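Here is the naming used below: chain letters follow the sequence lines, and residue numbers restart at 1 for every chain. Remember, predicted model here, so these are calculated numbers, not experimental data.
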Protein chains: 2
Amino acid sequence: MRPSQALRLWQQVMLSQVRDDAPDLTMRQTAILFTIYLDPPPHTVRGLAARLNVTKPVITRALDTMGALKLVSRHRDELDKRNVLIRRTVEGALFVERFGDGIIAKAHELPI
Amino acid sequence: MRPSQALRLWQQVMLSQVRDDAPDLTMRQTAILFTIYLDPPPHTVRGLAARLNVTKPVITRALDTMGALKLVSRHRDELDKRNVLIRRTVEGALFVERFGDGIIAKAHELPI
DNA sequence: GCAAATTGTTTCGGTTCCGTTTCAGTTTCT
DNA sequence: AGAAACTGAAACGGAACCGAAACAATTTGC
């Protein structure tokens, strides 16, 4: 794949995200969501903040909004009750899966 | 390419965007920028609004912020002075080009 | 046992973005 | 020439987000 094709693909996926009427996640929210679903658990606020190089409140707030959208869920760590463990949800898994399928679909439509 | 690989690639690019300290563009701003640089000109506010399925003020404001970042520039259409033509800039072209190279670089780092 | 450190959340003031509406400038049509 | 249509920008109130700092709950270290 060449850079020009990659850019075209990126544009198409971005456009499909913007065009549909679902509330689009911010760049940070998307990065957090994908990290939760692609990196091995467990995921904590602190861990995600370090991985993304952002402050902890950023993670907390992103989890608030994505939690309201049922894309992730939070649970206290019973072994160390300071920790909050972030878990995947069925809805979130579906969202991410569809996103991946969307990329592939756009890739197939790409001009040579 | 499989969906899981596409997702992993998307995550890596997203992470690199979030991690660096440059102010990240919103999803809409990115879609607008890429459309300006990948679709053939001329580009107008009205045309971009239709292409992205958003209202005109969204485009106007995105052009304000991206104009301040020197990623795009605006010029009155001399033939129809109601129109504003959006033009590419050297800085914007560089930004988009680097983004494309970044995708390719991340793609090469991808696990099988 | 108790101070210090760690974790996630909340609060604060400020910024940015949003949709809707309104507006000024330009063109078109009769 | 004058009304109507069109284009982009500005004004407005509301919502979301930001970083920094303060906070409560829990664990660690001495």
Side-chain angles (χ1 to χ4, degrees), chain A residues 14-15 17-36 39 41-88, chain B residues 14-15 17-36 41-87:
Chain A
M14 213 61 106
L15 278 178
Q17 285 286 304
V18 171
R19 291 180 66 98
D20 81 26
D21 291 333
D24 9 322
L25 301 177
T26 66
M27 202 81 80
R28 290 177 168 193
Q29 288 168 349
T30 310
I32 293 169
L33 186 70
F34 280 30
T35 298
I36 292 169
D39 286 5
H43 296 289
T44 63
V45 173
R46 173 177 165 68
L48 291 171
R51 181 111 166 86
L52 276 81
N53 193 31
V54 297
T55 61
K56 288 192 293 178
V58 168
I59 306 294
T60 295
R61 285 184 289 245
L63 294 179
D64 287 342
T65 59
M66 293 197 295
L69 296 172
K70 312 236 188 220
L71 296 177
V72 298
S73 68
R74 278 191 269 210
H75 307 271
R76 273 286 159 199
D77 183 352
E78 284 306 319
L79 280 70
D80 184 340
K81 292 187 180 165
R82 289 174 302 182
N83 289 330
V84 163
L85 302 179
I86 297 107
R87 291 221 292 258
R88 303 166 184 171
Chain B
M14 213 62 106
L15 278 178
Q17 284 286 305
V18 170
R19 291 180 65 97
D20 81 25
D21 291 332
D24 11 321
L25 300 177
T26 66
M27 203 81 82
R28 290 177 168 193
Q29 287 168 350
T30 310
I32 293 170
L33 187 70
F34 280 30
T35 297
I36 292 169
H43 297 288
T44 64
V45 173
R46 174 175 168 67
L48 290 171
R51 180 110 167 88
L52 276 82
N53 193 31
V54 297
T55 60
K56 287 193 293 175
V58 169
I59 305 295
T60 295
R61 284 184 290 246
L63 295 179
D64 287 343
T65 59
M66 293 196 295
L69 296 172
K70 312 240 187 216
L71 296 177
V72 298
S73 67
R74 279 193 268 211
H75 306 272
R76 273 285 160 198
D77 182 352
E78 283 307 317
L79 281 68
D80 184 340
K81 292 187 179 166
R82 289 174 302 184
N83 289 330
V84 163
L85 301 179
I86 296 107
R87 291 219 293 257

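The side-chain hydrogen bond (donor to acceptor under 3.5 Å, both in side chains) contacts involving residues 46-61 of chain A comprise A:D39-A:R51, where partners must be two or more places apart or lie in separate chains. A side-chain hydrogen bond (donor to acceptor under 3.5 Å, both in side chains) check over residues 63-74 of chain A, counting only residues at least two apart or in different chains, returns the pairs A:Q29-A:T65, A:D64-A:R74, A:S73-A:H75.
For C:dT6, the OP1/OP2 oxygens have no side-chain nitrogen or oxygen of A:N83 closer than 4.0 Å.
Nucleic acid contact for A:T55: sugar-phosphate only, since backbone atoms but no base atoms lie under 4.0 Å from a heavy atom of the residue.
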N/O contacts under 3.5 Å, protein versus nucleotides 22-30 of chain C?
from   : atom 1 : to    : atom 2 : distance (Å)
C:dT27 : OP1    : B:K81 : N      : 3.1

Pull out every protein N or O sitting under 3.5 Å from an N or O of nucleotides 12-17 of chain C, one pair per line with the distance.
from   : atom 1 : to    : atom 2 : distance (Å)
C:dC17 : OP1    : B:Q29 : NE2    : 2.9

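Of all nucleotides in DNA chain D having an atom under 4.0 Å from a heavy atom of chain B, the first and last in 5' to 3' order are D:dC6 to D:dA11.
The shortest heavy-atom contact between B:T44 and B:I86 is C-CD1, 3.6 Å. Contact record, B:L52 with B:T35: CD1-OG1, 4.3 Å, taken as the closest heavy-atom pair. Contact record, A:R88 with A:H43: NH2-NE2, 4.3 Å, taken as the closest heavy-atom pair.
Atom-to-atom, CG of B:D64 to C1' of C:dC18 comes out at 14 Å; the value is rounded to the nearest Å.
In this structure, CE in B:M27 is found 6.0 Å from CG in A:L25, a value given to the nearest 0.5 Å. Rounded to the nearest 0.5 angstrom, B:L85 CG and B:E78 CD are separated by 9.5 Å. Note that the CG atom of A:L15 and the CG atom of A:D20 stand 11.5 Å from one another [nearest 0.5 Å]. Here the CD1 atom belonging to A:I32 is positioned 5.0 Å from the CE atom belonging to A:M66, to the nearest 0.5 angstrom.
For DNA chain D, the residues of residues 44-54 of chain B within the heavy-atom distance limit of 4.0 Å (strictly under) are B:T44, B:V45, B:R46, sorted by number.
You'll find the side chain of B:I36 reaches within 4.5 Å of the side chain of B:L48, heavy atoms only. Looking at B:V84 and B:R76, their side chains come closer than 4.5 Å, going by heavy atoms from C-beta outward.
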